[in-house]
Amino acid sequence: MSFLLEFVRDPMTVAAVAPSSPALAEVVTSTVPRTGSPVVVELGPGTGPFTAAIQERLAGRGRHLAVELNPRFAEQLATRYPAVDVVTANAAGLGAVLAGRGIQHTDVVVSGLPWAAFGEEQQGDMLSGVADVLGPHGVFTTFAYVHARWSPPARRLLRSLRSRFDEVVISRTVWANVPPALVYVCRRPIPPH
Ligand SMILES: C[S@@+](CC[C@H](N)C(=O)[O-])C[C@H]1O[C@@H](n2cnc3c(N)ncnc32)[C@H](O)[C@@H]1O
């Protein structure tokens, strides 16, 4: 099943014409610890470029959940990565997905979600949902395309991240991706007031 075909079917939800590159996957998933038994949640895995990198870093340790809205992507992913708990669901319901599995806190959340496709309220709710499920030492990574970095939706995303995380570090530009991208690494979720 082709990523491009899914883009043509639903351009707003898929929001990219090609999967992310291994170079981008390496930066986005660098937060997954190579030791211990972390709980890692992946949002919007698509055809799985980040899934592969997370699985490689976990090397059989910990727990890896992938939450994907598109049932065809989800089915393909579950077949290709039997060690991953693939959930066909909206990332907006992340808290409920984790609660249903008895998970209170996650160590790492990695996102491939198309933030620009979400309205302001939806984007804010999803980010609050992510911050809520991360433990105090948890870390969240997501990416943005360089060419759109200063567009209103991208600026809104950065503002939203900074209002929910004490530290937001912006990576170097990953040129080996179509289109080039940068990664936001967000630590120390700020508890809601
Ligand atoms: C830009 S693609 C990224 C796919 C993959 N992570 C990559 O980097 O190649 C966005 C993915 O997010 C999924 N998606 C969009 N909205 C979603 C939502 N609300 N909940 C879960 N997944 C969603 C899409 O189906 C698609 O697989």
Ring pair (Phe, Tyr, Trp, His ring centres under 6.0 Å) pairs, two or more places apart, involving residues 83-113: none

Any donor-acceptor N or O pair under 3.5 Å, side chains Thr88, Glu68: no

Sidechain-backbone polar pair: Thr142 side chain, Tyr184 backbone, donor-acceptor under 3.5 Å: no

Test item: Thr106 side-chain N/O and Val109 main-chain N/O as donor-acceptor pair under 3.5 Å: no

Atom of Ala66, atom of Val84 and distance for their closest heavy-atom approach: CB-CG1, 3.8 Å

ILVMFWY cluster, Leu182 and Leu157 together (side-chain gap under 4.5 Å): yes

Presence of salt bridge, Glu56 and Arg34, under 4.0 angstrom: yes

Parallel, tilted or perpendicular, as decided by the 30° and 60° cut-offs, for the rings of Phe165 and Phe140: parallel

Gln122, CD atom: more than 12 neighbouring heavy atoms under 6.0 Å: yes

Set of residues satisfying salt bridge (charged side-chain N to carboxylate O under 4.0 Å, His left out) with respect to Arg101, sequence neighbours excluded: Asp85

For the student: nearest non-hydrogen atoms of Val67 and Ala89, plus distance: CG1-O, 3.5 Å

Atom of Leu94, atom of Gly129 and distance for their closest heavy-atom approach: CD2-O, 4.4 Å

Arg164: salt bridge (charged side-chain N to carboxylate O under 4.0 Å, His left out) partners, not counting sequence neighbours: none

Check: Arg57 side chain, Ser30 main-chain N or O, donor-acceptor pair, under 3.5 Å: yes

